[in-house]
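Working notes, structure below.
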2 protein chains.
Amino acid sequence: MVAYATAGWTALGDPTRRAIFEQLLEGPLAVGELAEYLPVSRPAVSQHLKVLKAAGLVIDRQAGKHRIYRVEPDGLVALRADLDRFWNKTLAAYKAVVEEDTKES
Amino acid sequence: MVAYATAGWTALGDPTRRAIFEQLLEGPLAVGELAEYLPVSRPAVSQHLKVLKAAGLVIDRQAGKHRIYRVEPDGLVALRADLDRFWNKTLAAYKAVVEEDTKES
DNA sequence: CAATATCGTAAGCGTACGCTTACACGTTAG
DNA sequence: CTAACGTGTAAGCGTACGCTTACGATATTG
């Protein structure tokens, strides 16, 4: 199994979703509050939250009339797995390049 | 400074670019060879490589008629910095949640 | 029960963007 | 010098997708 955080990469590929996610890193917020920090409408935030939730990056909780969103580690774990794999393979490639350069003298 | 790998996130946000990048993780390739692994045309690959290069994720080297692309660590370093920040803040948020739950008994 | 608040979703629109075809440029070979 | 190969880029097209407005659903309040 190679494991891909396809949904995660796609989710954080959008600038507005990154902004939403970064804001939630500062603490849980309701959708309406979240929208105040952003230059887009509340429904737009709702739609982005749906994507972030599907990627396991946020989780929501009903609190009276409000729906509180907060960050969740699951999606980040998958992204870290991918990124670590990228990193290790990149280093291996670099090592190969260095050895190749050393060989020719 | 907060540092954002904006270009990196956007670059790897596209599935085709991720496929290109993953292929390059297996070793350096020319544009034409790279295109053989993918369901898109060679010019499309060229355009994606331009984006990946701007994000510091790949680097190119002229080799005769061919132009060899290979992965580069710079872009990954920036992504790792962002992801580590996400991770730390997420853990801190979780810690706060646990303490809050412990308080109420 | 009516009224208000908070939110999700449907519908529709506009634009960014990923793709292809055609062409231009540089390099190598004959 | 011509021909052929490998590639980048311009032009154009089609569609995915991010956004807004309008509406429906649920939960609290009076």
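By convention in this document, chain letters (A, B, ...) are assigned in the order of the sequence lines, proteins followed by strands, and residues within each chain are numbered from 1.
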Report which part of the nucleic acid B:Gln62 touches: base, sugar-phosphate, or nothing (heavy-atom distance under 4.0 Å, all strands).
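No contact.
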Between B:Asp14 and A:Trp9, does the side-chain contact (heavy atoms from CB on, under 4.5 Å) criterion hold? Intermediate values first, please.
CA-CA 8 Å; B:Asp14 179 71; A:Trp9 288 110; over 6 Å; no
[X] side chain near [Y] side chain, heavy-atom distance below 4.5 Å:
X: B:Leu34; Y: B:Arg42; value: no
X: B:Leu83; Y: B:Phe86; value: yes
X: A:Tyr37; Y: A:Val45; value: no
X: A:Val58; Y: A:Ile20; value: no
X: B:Arg85; Y: A:Glu22; value: yes

Testing A:His66, A:Arg67, A:Glu72 for side chain to side chain contact (heavy atoms under 4.5 Å, CB included) with A:Tyr69, which one passes?
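Answer after filtering A:His66, A:Arg67, A:Glu72: A:Arg67.
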Protein-nucleotides 3-7 of chain C N/O pairs under 3.5 Å:
{"unit_1": "C:dA5", "atom_1": "O4'", "unit_2": "A:Lys65", "atom_2": "NZ", "d": "3.2"}
{"unit_1": "C:dC7", "atom_1": "OP1", "unit_2": "A:Val31", "atom_2": "N", "d": "3.0"}
{"unit_1": "C:dC7", "atom_1": "OP2", "unit_2": "A:Gly32", "atom_2": "N", "d": "2.9"}

Taking the nucleotide of DNA chain C with the closest heavy atom to each, which residue, A:Ala44 or B:Pro39, is nearer the 5' end?
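Closest to the 5' end, via its nearest nucleotide, is A:Ala44.
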Trace of the side-chain contact (heavy atoms from CB on, under 4.5 Å) decision for A:Arg70 with A:Ile59
CA-CA 6 Å; A:Arg70 59 179 171 81; A:Ile59 194 175; 3.7 Å; yes
Bounds of contact between DNA chain D and chain A, in 5' to 3' order, using a heavy-atom cut-off under 4.0 Å
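Boundary nucleotides touching chain A, in 5' to 3' order, are D:dG18 to D:dT28.
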